[in-house]
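Reckoned from all heavy atoms, side chains included, excluding hydrogens, waters and symmetry mates. Note that the structure is predicted; figures quoted are calculated from it, not measured.
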Amino acid sequence: MKIPALPLYAAAHFWVDFACALLVLGRLEGGGDAVTALLLYNCFAFAVQMPVGLLADALGAGERFAALGCGLTALAWGLPGLLPAAVCAGLGNACFHVGGGLYTLNGSGKCGPLGLFVSPGALGIALGTLLAPGNAFPAPVVVLALLGLGAALLRWGGGVPNAPLDLAPVGGTEALLPLICLFAVVVLRSFAGTLCAFPWKGELPLVLACATAGGKAAGGLLADQFGPRRTAWLSLGLAAACFLLAGRAGPGLAAVCLFNMTMPITLWGAARRLPGARGLAFGLLTFALFLGVVPSLLGYDLLPGGPLSAALAAIVSLPLLLLGLRRGDAPR
């Protein structure tokens, strides 16, 4: 099935993540409890995607949830105070991601479109983080663009039917182990991002974001070309080797790119196990993203940051991902 609105969803993904980073980090500059604000934002942006995804599965119409996400993110810019804005922006982020993810998953049975949808978010976060200090970016531009994108999604972002809600995984109870493995892979990938404490990281934020985005896009396209399992072997095996040399920018950027190639693959793997609850599948893995960053947000160092820890995360992820992608009774 064709998904002609995919470029629109990808552009909106960039702008929603940009707007959220710009708002929340910009207001942190004005004071407030940074730990509480970041925990609340990440909880609503990622963990809450599970119930939002289930609601979207029941109601369908991914474009409406995506447009609602744009509207809530715009509303957050008008709320006074750090914490209410963080909660509203997080909820907007969750609604948008579920709506866009549902559109992409329902419209294509492949990994490539998923990679193209999720990849712009890394660029939006990076640019929003860079421009947040000083609150120099004009708020009306952000809000008007969000409202415009929401209207465009309502007008042109539909046309992909939603599957009837069915919470039973393909393969029955035997599908639970693959889902747990995929969940664990995403937790590890998120946690590994907090371990990348490399000396060059702060000097190349946009280049690092491009490596992250490029990895997500390339991972989906390569998985469609060569198969998800072969792509998993290639990406995680090479990522582990490059992480060991990540004290230098070149190998480090390559490692980040390779490691992020698994993102669309895990989303595709979870969705094919839950074809009647693809929004829930999407939200399940974003909840895993949230769990991976919680220790860092709370100030706990479970592992020392650096090349060895990051390489270990890639090595452990490989067998888990291969188990998560095993065929069983799931449709190919």
(request) Check the side chains of S317 and R189 for a donor-acceptor pair under 3.5 angstrom, ignoring hydrogens and angles. (result) no
(request) Answer yes if the side chains of N106 and R278 hold a donor-acceptor pair under 3.5 Å, and no otherwise. (result) yes
(message) Taking the side chain as everything from C-beta on, heavy atoms only, tell me whether Y103 gets closer than 4.5 Å to I3.
(response) yes
(request) Establish whether L182 and L318 are linked, either directly or via other cluster members, by ILVMFWY side-chain heavy-atom contacts under 4.5 Å. (result) yes
(message) I need the full list of side-chain hydrogen bond (donor to acceptor under 3.5 Å, both in side chains) pairs touching residues 44-54, with sequence neighbours left out, sorted by first then second residue.
(response) Q49-T286
(message) Between F65 and F96 (judged by ring centroids, cut-off 6.0 Å), do the two rings come close enough to count as a pair?
(response) no
(request) Please indicate whether W233 has more than 12 foreign heavy atoms, meaning atoms of other residues, nucleotides or ligands, lying under 6.0 Å from its CH2. (result) no
(request) Test N93 against D17 for side chain to side chain donor-acceptor pair (under 3.5 Å), laying out the working first. (result) CA-CA 7 Å; N93 193 301; D17 279 8; 3.0 Å; yes
(message) I want to check something: taking the side chain as every heavy atom from C-beta on, are M50 and L54 in contact at a cut-off of under 4.5 Å?
(response) no
(message) Below 30° counts as parallel, above 60° as perpendicular, anything between as tilted: where do the rings of W15 and F18 land?
(response) tilted
(request) Check whether the ring centres of F282 and F287 lie less than 6.0 Å apart, and answer yes or no. (result) no
(message) Looking only at the aromatic ring of each residue, does the gap between the centers of F243 and F259 stay below 6.0 angstrom?
(response) yes
